[in-house]
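Here is the structure we will look at.
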Amino acid sequence: GRHQGAGPMSTELLLEAVFVLNPRTGMRAKRLVCAVQMLRAGTSRRDAVAQIQLRFEVGQPEAWRIVDMAADMALKEKP
């Protein structure tokens with residue numbers, strides 16, 4: 001019979017696969033997902049940057065890069 005897919009691809013599994021392929025990219029993806037969720041929840045960019053710095057122990061320039069990318073993603077997915 002026709003192959004039944006498991007529905008939409010699991011984000012968790014996708015993130016796990018990225019980690020296996022490239023751990024550094026996996027970490028950046030994890031920070032990015034975290035930042036997108038914060039921005040969607042109404043966190044300001046400045047607060048999101050501070051939280052990313054604390055949670056993931058990255059410098060401010062990297063935290064801003066992540067949050068800027070996250071802001072683009074958060075905007076795109078709003079209806």
Side-chain angles (χ1 to χ4, degrees):
R2 204 168 60 82
H3 176 71
Q4 286 295 109
M9 196 178 291
S10 154
T11 308
E12 292 281 311
L13 195 55
L14 198 56
L15 202 52
E16 210 175 305
V18 174
F19 265 99
V20 172
L21 293 167
N22 188 332
R24 271 193 68 205
T25 302
M27 264 318 294
R28 294 195 80 209
K30 199 170 190 155
R31 291 178 210 140
L32 187 54
V33 168
C34 183
V36 170
Q37 288 173 333
M38 281 193 276
L39 293 176
R40 282 191 189 155
T43 309
S44 74
R45 280 193 199 203
R46 191 177 294 277
D47 286 346
V49 167
Q51 286 192 51
I52 293 291
Q53 277 183 267
L54 274 173
R55 196 177 300 187
F56 297 101
E57 296 175 350
V58 294
Q60 196 174 33
E62 172 67 3
W64 271 108
R65 267 195 295 278
I66 294 287
V67 171
D68 282 342
M69 285 189 278
D72 289 342
M73 287 172 66
L75 283 175
K76 269 189 198 117
E77 299 212 12
K78 280 207 172 135

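All values derive from a computational prediction rather than experimental measurement.
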| query | Which pairs, with at least one residue in residues 26-38 and sequence neighbours excluded, count as a side-chain hydrogen bond (donor to acceptor under 3.5 Å, both in side chains)? | reply |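 Checked against side-chain hydrogen bond (donor to acceptor under 3.5 Å, both in side chains) - neighbours excluded - the pairs reaching residues 26-38 are R28-E62, R31-E62.
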Could you report the tightest heavy-atom contact between [X] and [Y], atom names first, then the distance?
{"X": "M27", "Y": "F56", "value": "CE-CD2, 3.7 Å"}
{"X": "G26", "Y": "L15", "value": "O-CD1, 4.3 Å"}
{"X": "Q53", "Y": "A63", "value": "CG-CB, 3.6 Å"}

| Is it true that F19 and V33 fall in one hydrophobic cluster, defined by side-chain heavy atoms closer than 4.5 Å? |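 Looking at the clustering, V33 is in a separate group from F19.
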| Is there a path from L39 to V58 through hydrophobic residues (I, L, V, M, F, W, Y) whose side chains come within less than 4.5 Å of each other? |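 Yes; V58 is reachable from L39 via cluster members.
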| For M69 and I66, what are the C-alpha separation, side-chain angles and deciding distance, and is it a side chain to side chain contact (heavy atoms under 4.5 Å, CB included)? | CA-CA 5 Å; M69 285 189 278; I66 294 287; 4.2 Å; yes
| message | Less than 4.5 Å apart, side chain to side chain, heavy atoms only: is that true for I52 and M38? | response |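 Heavy-atom side-chain distance check passes, below 4.5 Å.
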| field | Residue list, salt bridge (charged side-chain N to carboxylate O under 4.0 Å, His left out) with D68, at least two apart or on another chain | value |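 Salt bridge (charged side-chain N to carboxylate O under 4.0 Å, His left out) check on D68 returns R45.
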| message | Rounded at 0.5 Å granularity, tell me how far CE in M73 sits from CG in L32. | response |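 Answer rounded to 0.5 Å: 5.0 Å.
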| request: Report the distance from atom SG of C34 to atom CD of Q51, rounding to the nearest 0.5 Å. | output: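 If I round to the nearest 0.5 Å, the distance is 7.5 Å.
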